[in-house]
Asker: 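Handing you a structure now.
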Amino acid sequence: MKNIIKTFALLLLFNACDEPITIDSDSVEPVVIIEGLVTDQMTSHYVRVSRSVDFYDDVAVEPVLDAQVSIRDDQGNLYSFDHNPWNNAEQQGYYYSDIEFAGQVGTTYSLTVTIGEEVYRASDRLQPIMAIDSLTVSLDEDEFDDPEDPGYYYEVLFFAREPQDRKDFYLFKFYRNDSILRDDEDDIYFSDDDLLAEEINGIPTAGYYSLGDQARVEMYSMSRQGFIYYNDLINLLQGDGGMFGAPPVNPRTNLDNDALGFFQVSAVVSEEIAIEF
Amino acid sequence: MKRFFLLAMILIPGLTLGQSKFTLNGYVKDASNGEELIGVTVYVHELKTGTATNVYGFYALSLPQGSYEITFSSVGYQPVRKSVELTRNMEFNVELPVQITEMDEIVVTGDALDANVTDIKMSRNEINVKQVKRLPALFGEPDIIKTIQMLPGVSSAGEGTSSFFVRGGSADQNLILIDEAPVYDPSHLFGLFSVFNADVIKESELYRGGIPSRFGGRLSSILEVRTKDGNNKKLEGSGGIGSLASRIMLEGPIRKEKSSFIVSARRSYVDLFLRAAGEENTVHFYDVNAKVNWKHNNNNRFFAAIYLGRDVFDFDDTFGFDWGNATATFRWNHLFNDRLFSNTSIIASNFDYAMELDDESQGFKWTSNIREVTLKEDLNYFVSPSVELNFGYHVSYRSFEPGVIEPNSDRSLFTRTELQNEFALDHAFYLENQHKISNKLTLLYGARLSIFQSIGESDIYLYEDPQDNVNIVRTDTLSFDNFENIKTFVNLEPRFSARYMLNPASSVKFSYNRMVQNTHLISAGTVPIPFNTWAPTSYYLEPQLADQIAVGYFRNFKDNAFEFSAEAYYKDINNVTDFADNAEIFFNEDLSTEYRQGDSWSYGLELMLQKKEGRFTGFTSYTWSRTERDIPDVNLNEPFLANYDRRHNFNIVGTYELNNKWTFGANFTYTTGRPFTLPSGKYQYEDYQVDLITERNASKLPDFHRLDLSATLIPQNKRGRKWQGSWVFSIYNAYSRKNAFTIYTQTPEDSNGEPIRNQKEARLIYLFPILPSVTYNVKF
């Protein structure tokens, strides 16, 4: 919807009038935020627990340091999580599984987070993922003629075969030299397969690269619940305040007890390519 | 049906009277161009009674044999007094000369001088297009919708939009008609302008209550725009060049006094400059109106009118979208006998949009449309001077094609996907009687019977839980053939109005009406966009119902120079169509799981003072109102203020004629800011900064106020020159108030353009700072 506002602003043949404003944002009771990810990679998986803060606070969140976190799968395995096991200052509020494990396709994982008396639960099923056929590098002529960042005019194209016999939901993350790359800070790249044909013949990924860069594409499988979460999240991040689009509202989540955030279980594939001739 | 005719018998008290009476009837026209005049008072001095011409300029009076003095009068015209010797049924056509005043005054046409007080209609306003042309206009484009947004009981979502909200109704609850044909999206450029080209408008009126039975299909208002028929006496033209668009109009007789035509076109031309300047993103819109009418004889006249309009956006020749309305109206006015006037119309309307991306790997074309064909038979039966009966039958066939996405290259990642089409048949019978009980009391009572059928060809999906939009489980599919009835919805819509004269200069009025809406807009925002689709009442959508009562006090001052009205209303809507929180309303094959119908209620007080004659004309309006909604699954099932709720709304619209050369105009508007959902906190998910939302529409945008000024210059005409030019200078937002269009939030960036990941900022968008414009108009 913000795009409509942008298009609308483009219509106005003078400078789009857009300026910061201080809003009256009353303090409300903080809400528990849980972010968790279990993948099919052999690693120590994480769950982040925090509380919301006031709109104008200088911190992004208030980490919760004393939660009890565990994940159980439907095969009878129980995984315990420890808070910030490596004592990293940046990892306040992050809980890691005390052993490495790889999620299995078709298995349902259930998260339990206990903070004091309150218990928060969520579960998600690990969906299969298609393979990435290949990535290619292509020179974007428009960007070459008029680059936003000098030297950055290569784009990375994505090729794959979408399985037509099952329902899939995808989440993509793009990296340039290991830094996450988005066209806009609030972009999320995800899709269902409702409109997709089998052959995906080189769709451009986000952003532009320069010679010598290393590009990486990660593709995650998701449940429909996950697709809905990201869809709601992008609507909230990119909403227009309820003018042409709907009024902002919290995303639907698989967490109970009024917690926000999402517990995601995914299969992951990734592919890299160097930007060179 | 039996009951319907029974009702007809009860409603026609005058039918058995009037054996030795004769009928006097005819058309009243403007002497200068032959345009039929609506609402002209026809007054019989001997009987101290009279009637008024209908929307086709026709009147009929049933009088005992005798000789009468009859005066035909209308604001802006010289009254015409005629002597009539009525010894047989007579046809009596009259032409009224335009009032020649010292100055070229703006006058409202087509109304009796004291109609504000004496007419039974309430909650109704005419929009004076002549005045609109002299008011300040955004980019110099005069627009009746912008004036409508300033009427009492009407609000807007802010500037730069063509949506309007009437008495707590949403934007899709207005029936917008051009020559009787519905216009589904009245906006150009996402609402900066409306589709109504001021050059061709003859009359436009807005009903927000006391809605006559001949109208139905929307809950909150009727905006009826009628275009000019074309001058049947001489060829005339006009044109104009504004800051954004230019216009041309030509009208004249085909056979003098028998038939005439009018054609008009308007096109924006900024894209031509943009292209010349090498800009690759361009946009333009156009409108074409055309109409012909011919009078076969006094008993048979025919009209054919079309409207075509479109907006085209083109980005870099690879991505683009467009939308447009097309309407066509064919009308046959027929006099069955001296007292029975018939209007038969065949109407077609189409709205469509398309979006196309030209790209090898991800090219697609997305199209959608809504179409309807309507047959209307409307009859006016002039039973006696005190009884006028209106009745008729309307039937519409509608098709809704919500969307098809097709790949436009062999290698595109898209596969052809088509949403379920829907079809509907909409019948309405109505009967209404205007009954003058005494010189003081007039009643208008009637009803409209709406029979709506959702029909095939269509598949209806059955769901395990039809309201579960997360885990959608289809259990079965019901298939229906072409025209097979899926479900029928029958609703009776009673309508009642009363007017009681307190004294010759003041009256009280009351009205009650029930309205039914079977065409639902699929939009979760405040202002509809062209890409919103419509859906009919169907298996999963109930008809929306509105009940409204209004009372009003009406008074004219200083010999009808000033008109005052005060109205209070209460409106209650059942099954108002809304959508679940987080609803996916675009291209959703299971859209029905997102439908949430609930309640809406609104009440308010509206004051208006209007001056229609003299050097200074204009109006001021003040509205106090409150509108709430209660929708299941929305806002945690708690009631919330509607997006378009406005507590206070104050407007002044005026023009002043200084002399023959100069006219000045001004608009001022002040309204409470619209309800708004502001975040009550924030949190982080991955590295996204996310707003925490607690309650819908709990805050308000800043108050909105704006002053616009205009000056119209008509230079003295040189002798012998065949054309007359005029300049309109406008200043929009004279004191450059930064009025909030909307507020959004984002992650702020530091001076290097890098995101500041632990902060969040709110930003205000406002559309227009002070904005001067010039329009040059020419008449020839």
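Order of the sequence lines sets the chain letters (A, B, ...), proteins ahead of strands, with each chain counted from 1.
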Asker: Donor-acceptor check, side chain of A:E35 to backbone of B:E686, threshold 3.5 angstrom: yes or no?
Answerer: yes
Asker: Just so I know, are the side chains of A:L233 and B:V690 near enough to count as touching, which here means a heavy-atom distance under 4.5 Å?
Answerer: yes
Asker: Check whether any side-chain heavy atom of B:Y744 lies under 4.5 Å from a side-chain heavy atom of A:D240, and answer yes or no.
Answerer: no
Asker: If you count heavy-atom pairs under 4.5 Å between each of B:A524, B:P407, B:P702 and chain A, which one has the most?
Answerer: B:A524
Asker: Mark yes when over 12 heavy atoms from residues, nucleotides or ligands other than B:K700 sit less than 6.0 Å from its NZ; otherwise mark no.
Answerer: yes
Asker: Please rank A:I228, A:V59, A:V53, A:N231 by heavy-atom pairs under 4.5 Å with chain B and give me the top one.
Answerer: A:V53
Asker: Check the pair B:I743, A:I21 against side-chain contact (heavy atoms from CB on, under 4.5 Å), reporting the backbone distance first and the verdict last.
Answerer: CA-CA 8 Å; B:I743 291 174; A:I21 183 177; 4.2 Å; yes
Asker: Out of A:D142, A:D58, A:V31, A:I180, which one racks up the most heavy-atom pairs below 4.5 Å with chain B?
Answerer: A:D58
Asker: If I take atom OG1 from residue B:T415 and atom CD from residue A:E162, how far apart are they, to the nearest 0.5 angstrom?
Answerer: 10.0 Å
Asker: I would like to know whether B:Q746 and A:Q238 meet side-chain contact (heavy atoms from CB on, under 4.5 Å); could you show each step before the answer?
Answerer: CA-CA 8 Å; B:Q746 65 172 23; A:Q238 304 196 350; over 6 Å; no
Asker: For the CD1 atom of A:I23 and the CD atom of B:E761, what is their distance to the nearest 0.5 Å?
Answerer: 10.5 Å
Asker: Are any non-hydrogen side-chain atoms of B:Q362 and A:N201 less than 4.5 angstrom apart?
Answerer: no
Asker: Identify the two heavy atoms, one from A:F244 and one from B:F741, that lie closest to each other, and give their separation to 0.1 Å.
Answerer: CZ-CZ, 4.0 Å
Asker: Looking only at the side chains, is there a donor atom on one of B:Y685 and A:Y229 sitting less than 3.5 Å from an acceptor on the other?
Answerer: no
Asker: What residues form a ring pair (Phe, Tyr, Trp, His ring centres under 6.0 Å) with B:Y688, not counting sequence neighbours?
Answerer: none
Asker: Write down the atom of B:I693, the atom of A:N250, and the distance for their closest heavy-atom approach.
Answerer: O-ND2, 2.7 Å
Asker: For chain B, which candidate among A:S52, A:S27, A:A60, A:P20 shows the most heavy-atom pairs at distances under 4.5 Å?
Answerer: A:A60
Asker: Please classify the contact of B:F587 with chain A as side chain, backbone, both or neither, using a heavy-atom distance under 4.5 Å.
Answerer: side chain
Asker: Between A:I34, A:L37, A:I200, A:I188, which shows the greatest number of heavy-atom pairs under 4.5 Å with chain B?
Answerer: A:I188
Asker: Could you pull out all residues at least two apart from A:E19 that satisfy salt bridge (Lys or Arg N to Asp or Glu O under 4.0 Å)?
Answerer: B:K738
Asker: Distance-only, no hydrogens or angles: does the A:D54 side chain make a donor-acceptor pair with backbone N or O of B:G681 under 3.5 Å?
Answerer: no
Asker: Between the side chains of B:D687 and A:R182, is the shortest nitrogen-to-carboxylate-oxygen separation below 4.0 Å, so that they form an ion pair?
Answerer: yes
Asker: Just so I understand: if I count every heavy-atom pair under 4.5 Å between each of B:V527, B:T747, B:T417 and chain A, which residue has the most?
Answerer: B:V527
Asker: Between A:F262 and chain B, which part of the residue has a heavy atom less than 4.5 Å away: side chain, backbone, both or neither?
Answerer: both
Asker: Taking the side chain as C-beta and beyond, is there a heavy-atom pair between A:V249 and B:R696 under 4.5 Å?
Answerer: no
Asker: What residue, out of B:Q759, B:R674, B:E749, has the most heavy-atom pairs lying under 4.5 Å from chain A?
Answerer: B:R674
Asker: With a 4.5 Å limit on heavy-atom distance, are the side chains of A:C17 and B:L767 in contact?
Answerer: no
Asker: Where on A:P251 is there a heavy atom nearer than 4.5 Å to chain B: the side chain, the backbone, both, or neither?
Answerer: both
Asker: For B:D750, look at atom CG and say whether over 12 heavy atoms of other residues, nucleotides or ligands are found less than 6.0 Å away.
Answerer: yes
Asker: Would you say CG of A:D258 has more than 12 non-hydrogen atoms from neighbouring residues, nucleotides or ligands within 6.0 angstrom?
Answerer: no
Asker: Between A:V61, A:D194, A:D232, which shows the greatest number of heavy-atom pairs under 4.5 Å with chain B?
Answerer: A:D232
Asker: For the pair B:S680 (side chain) and A:V28 (backbone), establish whether a donor and an acceptor sit closer than 3.5 Å, ignoring hydrogens and angles.
Answerer: no
Asker: Against chain A, label B:L692 side chain, backbone, both or neither, depending on which of its atoms sit under 4.5 Å from a heavy atom there.
Answerer: both
Asker: Go through the atoms of B:S163 and report whether side chain, backbone, both or neither lie under 4.5 Å from a heavy atom of chain A.
Answerer: neither
Asker: Flag the pair A:L260 / B:Y683 as yes when at least one side-chain heavy-atom distance between them is below 4.5 Å, and no otherwise.
Answerer: yes
Asker: Do the side chains of A:I203 and B:L413 get nearer than 4.5 Å, heavy atoms only?
Answerer: yes
Asker: Other residues, nucleotides and ligands only: do more than 12 of their heavy atoms fall within 6.0 Å of CG on A:D145?
Answerer: yes
Asker: Evaluate A:F55 against B:D691 for side-chain contact (heavy atoms from CB on, under 4.5 Å), listing each step before the verdict.
Answerer: CA-CA 8 Å; A:F55 189 79; B:D691 290 344; 3.5 Å; yes
Asker: Report yes or no: does A:R224 contribute a side-chain atom to a donor-acceptor pair with the main-chain N or O of B:V470 at less than 3.5 Å?
Answerer: yes
Asker: Would you mind checking which part of A:E199 comes under 4.5 Å of any heavy atom in chain B, side chain (CB onward), backbone (N, CA, C, O), both or neither?
Answerer: backbone
Asker: Please state whether the side chain, the backbone, both or neither of B:F676 comes within less than 4.5 Å of a heavy atom of chain A.
Answerer: side chain
Asker: When you compare the side chain of A:R252 with that of B:N469, does any pair of heavy atoms fall below 4.5 Å?
Answerer: yes
